[in-house]
Amino acid sequence: MPLYEYQCRDCGHRFEVLQRMGAGAEGLDCPSCGDERLEKLLSTFSAASSGGAAAAASATAATGAGCGAGFT
């Protein structure tokens, strides 16, 4: 199950909930104040590589992958 992040519209408290994909805020309430007016937030994720961003950029340049490179 994915982890979704919500923010209470009343007190601003942010929290995470494990939910089925596509589930909304129905049935949830703020753990801080109990309000039911919640906003689902867009979360980003990151992935780390052993070489860091500089190594990834040089690997992309060396292989010709990236912007403008397409499938033939």
Side-chain angles (χ1 to χ4, degrees):
M1 278 197 278
L3 186 65
Y4 290 100
E5 188 173 7
Y6 286 91
Q7 182 169 6
C8 177
R9 292 185 179 181
D10 185 46
C11 72
H13 180 73
R14 293 173 77 147
F15 60 99
E16 297 173 335
V17 178
L18 281 172
Q19 290 183 300
R20 294 188 184 274
M21 289 188 71
E26 298 82 24
L28 297 176
D29 54 358
C30 175
S32 181
C33 71
D35 197 80
E36 295 179 352
R37 294 176 297 146
L38 305 173
E39 178 181 3
K40 187 182 267 188
L41 302 176
L42 295 176
S43 299
T44 59
F45 67 92
S46 65
S49 66
S50 60
S58 64
T60 301
T63 61
C67 293
F71 295 104
T72 56

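Just so you know, residue 1 is the first one in the sequence shown, and it goes up from there.
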Can you pull out every salt bridge (Lys or Arg N to Asp or Glu O under 4.0 Å) where at least one residue sits in residues 25-37? Sequence neighbours excluded, please. D10-R37, D35-R37
Do M1 and R20 have side chains that get closer than 4.5 Å, going by heavy atoms? yes
What residues, two or more places apart in sequence or in another chain, satisfy side-chain contact (heavy atoms from CB on, under 4.5 Å) together with M21? P2, Y4
Check whether any side-chain N or O of E39 sits under 3.5 Å from a backbone N or O of R9 as a donor-acceptor pair, and report yes or no. no
L38 and C8: which non-hydrogen atoms are nearest, and at how many Å? CD2-CA, 3.8 Å
Answer yes or no: is there a side-chain heavy-atom contact under 4.5 Å between C33 and H13? no
